[in-house]
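When a residue number appears, it is its place in the shown sequence, counting from 1. Predicted model only: the values in this text are computed from it and were never measured. Numbering of ligands and ligand atoms starts at 1, following listing order.
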Amino acid sequence: SYGLSAELRPYINSIFLSLALEAGLDAAIIHHSKMIPLPRIPEKILRLGQDLILNRHHAGYDPLAELLGEKSALSSKTAAPSSWRNIPAEEALLEAVVNGESARIEALVKELLKKYSPLEIINNFLLKGMDRVGKLFSSQNLPLPFVLKSAETVKKALTCLKPYLPAESAEERKGKIILATVKGDVHDIGKNLVALILEANGFEVINLGINQSVEEIIRAIEKSKPQAVGLSGLLVKSCWVMKDYLETLSEHDFKIPVLCGGAALERSFVEKVLKPAYGGEVYYGRDAMAALDIMKKLAEEEEKSAGSAAL
Ligand code: B12
């Protein structure tokens with residue numbers, strides 16, 4: 001693309017990369033900030049770019065000449081991120097997540113809080129946007145650095161929402177849980193969402209973070225004496241790491257209830273593999289609301305047994 005205008009070059013290079021990937025490219029040295037994910041390339045530019053690279057021209061059709069004619073349209077199209085354009089805040093937040101644009105996230109969240117509850121914003125815009133990102137990533141239409149940008153945008157939105165979720169005082173706390181993403185796994189959006197929902201409902205959360213070893217978790221249990229432990233993992237291999245952790249906890253005679261969650265985990269795996277590996281209770285938490293239901297149930301049981309012990 002050398003020699004083309006600064007507006008056109010990133011488009012041509014990105015289209016070239018996508019065609020190379022399609023043709024079997026395994027690795028490339030690229031500057032990711034200069035790449036544009038395919039779904040963000042206007043349809044006409046995409047078609048012209050592909051025709052130019054694949055040499056599909058004929059008498060009366062010169063994709064290069066047509067592309068050069070699109071130059072000014074391109075600079076105005078890309079000038080403003082989608083969340084800044086004059087579109088409803090609902091659409092802008094969803095697009096901001098998909099496009100990983102965090103600059104105006106706080107203003108958008110505040111705007112939407114006039115109409116929606118924090119939970120509605122999380123479910124209808126943040127999670128929906130992340131779901132779209134997941135699909136684009138899976139179909140190889142969104143490179144990893146862009147997924148990270150979207151993840152950071154969601155994190156920023158969750159931070160903005162936190163003060164708007166009801167907080168309960170320490171005396172009203174219903175119980176304590178330790179949350180951790182298992183070793184070898186860096187995904188934490190879902191775990192942090194679980195933390196947010198539990199905190200908003202009166203539970204104390206000790207969020208250990210990502211990449212946590214079972215030894216670190218054991219140290220935290222001994223120090224903080226929680227009612228439960230929550231393990232998160234999004235990679236298939238993390239499900240097996242959870243099994244190892246449960247076995248280690250059993251070897252150390254722990255009986256503390258363990259909640260397991262994350263997109264790669266299935267209820268049948270929890271029933272067939274995780275439960276038999278542990279001497280205490282193992283619960284499958286499909287999402288943050290399921291985690292809340294389990295914690296409420298554990299709190300109720302604890303209250304009941306405290307009541308009967310007092311009689
Ligand atoms: C964002 C993302 C990333 C970001 C993570 C940023 C961050 N800070 O979290 C980055 C870019 C870093 C990333 C990296 C990688 N990723 Co990734 N990533 C994703 C993506 C697109 C979205 C995940 C997400 O945040 N979802 C939104 C949240 C809200 O949902 P959730 O996590 O499932 O959480 C909900 C429930 O599961 C549950 N839950 C979660 N935790 C817990 C815990 C408890 C206790 C309970 C009860 C419930 C619970 O409640 C949550 C809220 O409702 C997924 C695709 C997908 N569809 O899942 C791929 C995905 C998980 N990634 C994948 C891969 C392959 C990778 C990489 C290996 C890529 C690479 N080549 O390097 C690396 C892994 C690095 C590592 N060692 O972990 C694969 C995993 C494949 C597999 N099955 O093993 C996926 C599925 C994409 C795919 N289809 O290929 N990724």
Peer 1: Less than 4.0 Å between a side-chain N and a carboxylate O, is that true for Lys115 and Glu120?
Peer 2: no

Peer 1: Tell me the contacting part of Ala151 for ligand 1: side chain, backbone, both, or neither, using a 4.0 Å heavy-atom threshold, strictly below.
Peer 2: side chain

Peer 1: For Ala291 and ligand 1, does the shortest N/O to N/O distance drop below 3.5 Å?
Peer 2: no

Peer 1: Ser232 heavy atoms, cut-off 4.0 Å: which ligand 1 atoms fall inside?
Peer 2: 40 (C), 41 (N), 42 (C), 43 (C)

Peer 1: Are any of the N or O atoms of Asp188 closer than 3.5 Å to those of ligand 1?
Peer 2: yes

Peer 1: Report yes if some N/O of Leu235 lies less than 3.5 Å from some N/O of ligand 1; otherwise report no.
Peer 2: no

Peer 1: With a 4.0 Å heavy-atom cut-off (strictly under), which part of Arg286 contacts ligand 1: side chain, backbone, both or neither?
Peer 2: backbone

Peer 1: Assess, by modelled atom type and distance only, whether the side chains of Glu266 and Tyr284 contain a donor and an acceptor separated by less than 3.5 Å.
Peer 2: no

Peer 1: Any atoms of ligand 1 less than 4.0 Å from a non-hydrogen atom of Asp185? List them with their elements.
Peer 2: 78 (O)

Peer 1: With heavy atoms of Gly230 as the reference, note each atom of ligand 1 found under 4.0 Å away.
Peer 2: 45 (C)

Peer 1: Taking 4.0 Å as the limit for heavy-atom contacts, which would you say applies to Val186 with ligand 1: side chain only, backbone only, both, or neither?
Peer 2: both

Peer 1: Relative to the heavy atoms of Ser138, which atoms of ligand 1 are at a distance of less than 4.0 Å?
Peer 2: 88 (C), 89 (N)

Peer 1: Could you tell me which atoms of ligand 1, counted from 1 in the order shown, lie closer than 4.0 angstrom to a heavy atom of Asp287?
Peer 2: 38 (C), 50 (O), 53 (O)

Peer 1: Should Asp293 and Lys297 count as an ion pair when the cut-off is N to O under 4.0 Å?
Peer 2: no

Peer 1: Short list, please: which atoms of ligand 1 are under 4.0 Å from a heavy atom of Gly285?
Peer 2: 46 (C), 47 (C), 48 (C)

Peer 1: Where does Leu127 meet ligand 1, judged by heavy-atom distances below 4.0 Å: at the side chain, the backbone, both, or neither?
Peer 2: side chain

Peer 1: Ring centroids only, cut at 6.0 angstrom: are Tyr245 and Trp240 within range, meaning strictly under it?
Peer 2: no

Peer 1: Would you check whether Gly184 has a nitrogen or oxygen atom less than 3.5 angstrom from a nitrogen or oxygen atom of ligand 1?
Peer 2: yes

Peer 1: Can you list the ligand 1 atoms lying under 4.0 Å from a non-hydrogen atom of Leu231?
Peer 2: 43 (C), 44 (C), 45 (C)

Peer 1: Are the aromatic ring centres of Phe254 and Tyr278 under 6.0 angstrom apart?
Peer 2: no

Peer 1: Can an N or O of Lys237 be found at a distance shorter than 3.5 Å from an N or O of ligand 1?
Peer 2: no

Peer 1: Looking at ligand 1, would Lys155 count as a contact under a 4.0 Å heavy-atom criterion?
Peer 2: yes

Peer 1: Heavy-atom distances under 4.0 Å are what count here, so tell me which part of His187 touches ligand 1: side chain, backbone, both or neither.
Peer 2: both

Peer 1: With side chains defined as the heavy atoms from C-beta onward, is the minimum distance between Val109 and Tyr164 less than 4.5 Å?
Peer 2: no

Peer 1: Using a 4.0 Å heavy-atom threshold (strictly under), name the region of Leu193 that reaches ligand 1: side chain, backbone, both or neither.
Peer 2: side chain

